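I have placed the structure first, in the form of structure tokens, so that the comments after it can refer back to it.
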Amino acid sequence: KKMKMTDLEMTRRCADAAGYSWDDAQWFYKPLTDDAQAMALVKKFKLNIGQVSSGCKVFTGLNLQDQFYEADNKDLSRAICLCIAKMQQSK
């Protein structure tokens, strides 16, 4: 099911997942446009990346005891952030 959220909401959830306080992170944390910050999320959460006809698919591990989250987008950083935001929203 498609999830609509603003870039700000997505960025705040990613900052939280990365362990930053939003009061500090709002000044420097931009994983939607900063490839290093987006890749740090991939490494921290061991995300999987694949290619689909719509662009990129990012998904969490297939470990049976974990929830499974996925996101598609033509922009890889946006797909990464959306996947993390979905994970954070479910907490």
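Only a predicted model underlies this, so the values are computations on that prediction, with no experimental measurement involved.
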Checklist entry - Would a distance-only check, ignoring hydrogens and angles, find a side-chain to backbone donor-acceptor pair under 3.5 Å from Gln37 to Asp34? => result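 Absent.
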Checklist entry - How far apart are the closest heavy atoms of Met5 and Ala85, and which atoms are they? => result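 Distance-wise, the nearest heavy atoms are SD-CB, 3.6 Å.
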Spacing of [X] atom [atom1] and [Y] atom [atom2] [to the nearest 0.5 Å]:
X     : Y     : atom1 : atom2 : result
Cys56 : Leu76 : SG    : CG    : 4.5 Å
Lys44 : Cys14 : NZ    : SG    : 11.0 Å
Thr60 : Asn48 : OG1   : CG    : 7.5 Å
Leu82 : Met10 : CG    : CE    : 5.0 Å
Lys57 : Leu47 : NZ    : CG    : 13.0 Å
Gln89 : Ile84 : CD    : CD1   : 13.0 Å

Checklist entry - In chain order, what residues pass the side chain to side chain contact (heavy atoms under 4.5 Å, CB included) check against Asp16, with sequence neighbours excluded? => result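 Side chain to side chain contact (heavy atoms under 4.5 Å, CB included) list for Asp16, sorted by chain: Gln88.
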Checklist entry - Can you name the side chain to side chain contact (heavy atoms under 4.5 Å, CB included) partners of Asp35, sequence neighbours left out? => result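 Side chain to side chain contact (heavy atoms under 4.5 Å, CB included) check on Asp35 returns Ser77.
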Item to check | Partner residues of Arg12 under the side chain to side chain donor-acceptor pair (under 3.5 Å) criterion, sequence neighbours left out | outcome: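 So Arg12 forms no side chain to side chain donor-acceptor pair (under 3.5 Å) with any residue.
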Next on the checklist: Taking side chain to side chain donor-acceptor pair (under 3.5 Å) as the cut-off, I'd like each qualifying pair that reaches into residues 19-31, sequence neighbours left out, listed once.
Outcome noted: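 Every pair satisfying side chain to side chain donor-acceptor pair (under 3.5 Å) with a residue in residues 19-31: there are none.
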Next on the checklist: Enumerate the salt bridge (Lys or Arg N to Asp or Glu O under 4.0 Å) contacts for residues 76-85, please, sequence neighbours excluded, ordered by first and then second residue.
Outcome noted: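 For residues 76-85: Asp7-Arg78.
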Item to check | ring-ring contact (aromatic ring centres under 6.0 Å, His included) against Phe45, all qualifying residues, sequence neighbours excluded | outcome: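 Applying ring-ring contact (aromatic ring centres under 6.0 Å, His included) to Phe45 gives none.
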